[in-house]
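Let me begin by presenting the structure, written as structure tokens, before commenting on it.
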Amino acid sequence: VQLQASGGGLVQAGDSLRLSCAASGRTSRTYAMGWFRQAPGKEREFVAAISWSGGSTYYSDSVKSRFTISRDNAKNTVYLQMNSLKPEDTAVYYCAAGSLGIRTAPEYYDSWGQGTLVTVSS
């Protein structure tokens, strides 16, 4: 499956942003989807994940209650609604697809999008 992330940009602290991840190719498979991010000089970290059905979600502690992951399987698209953004949320955000259900470790994901940059100014 091929993934295309979009929606990043420059915002101020406290603002909201919605990222999208469009899937194409072998979308008939049942993939869990995840969002990860990587700030300059830091390792890639887990942000959120959602099951194929959308019935289960999981968030990192740093974004819980501020970010919401959702998916529209009819559109082969996953979203990450980010509210109350903080400067420490600045990073390149990547979406990923995995066939093993919700996982927080990047090695469990099979396909990755190219990333979209989110910059939050103070």
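A donor-acceptor pair under 3.5 Å is formed between the side chain of N73 and the backbone N or O of W52. Using a distance-only test at 3.5 Å, with no hydrogens or angles considered, no donor-acceptor pair links the side chain of Q114 to the main chain of Q4. Side chain of T90 to backbone of V120: a donor-acceptor contact under 3.5 angstrom is found. A donor-acceptor pair is defined here as one N or O able to donate and one able to accept, closer than 3.5 Å; such a pair exists between the side chain of S111 and the backbone of V1. Side-chain atoms of R71 never come within 3.5 Å of backbone atoms of G54 as a donor-acceptor pair (strictly under, hydrogens ignored). Remark: the backbone N or O of A49 is not paired with any side-chain donor or acceptor of R103 at under 3.5 angstrom.
Between Y109 and F36, the two ring planes are perpendicular [angle over 60°; tilted spans 30° to 60°]. Note on ring orientation: taking the six-membered ring where Trp is involved, the planes of Y93 and F67 are tilted (angle from 30° to 60°).
Placement of V118 and Y79 in two distinct hydrophobic clusters is found when ILVMFWY residues are connected by side-chain heavy-atom separations under 4.5 Å, directly or transitively. Linking Ile, Leu, Val, Met, Phe, Trp and Tyr whenever their side-chain heavy atoms come within less than 4.5 Å leaves Y94 and L17 in two separate clusters. Cluster annotation: I102 is not connected to Y31 through the hydrophobic network of ILVMFWY side chains, with a link wherever side-chain heavy atoms come within less than 4.5 Å. Taking hydrophobic clusters as Ile, Leu, Val, Met, Phe, Trp and Tyr residues chained together by side-chain heavy-atom distances below 4.5 Å, V63 shares a cluster with M82. Connection of Y59 to L19 is established within a shared hydrophobic cluster, with ILVMFWY side chains joined at heavy-atom distances below 4.5 Å, either directly or through further cluster members.
Residue Q38 holds its CD atom at 9.5 Å from CD of E45, rounded to the nearest 0.5 Å. Rounded to the nearest 0.5 Å, atoms CD1 (I69) and OG (S56) are 11.5 Å apart.
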Requested in this report: Run the numbers on R37 and S62 for side chain to side chain contact (heavy atoms under 4.5 Å, CB included), then give the verdict.
Outcome: CA-CA 12 Å; R37 65 187 182 186; S62 62; 3.4 Å; yes
Requested in this report: Take D89 and K86 through the test salt bridge (charged side-chain N to carboxylate O under 4.0 Å, His left out) and record every step on the way to the result.
Outcome: CA-CA 5 Å; D89 295 319; K86 304 175 181 180; over 6 Å; no
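Closest heavy-atom contact between T116 and G8: OG1-N, 3.0 Å. Contact between S84 and S16 at its shortest, heavy atoms only, is N-OG, 4.3 Å. Closest approach of A48 to L80, counting heavy atoms only: CB-CD1, 4.2 Å. R66 and L85 get closest at one heavy-atom pair: NH1-CA, 3.9 Å. Here the shortest heavy-atom pairing between A13 and S122 reads CB-CA, 4.4 Å.
Residue E107 places its CD atom among more than 12 non-hydrogen atoms of other residues, nucleotides or ligands, all under 6.0 Å distant. Heavy atoms of other residues, nucleotides or ligands lying less than 6.0 angstrom from NZ of K64 number more than 12.
Considering C21, S20, C95 in turn, S20 is the only one that fulfils the side-chain contact (heavy atoms from CB on, under 4.5 Å) rule with T77.
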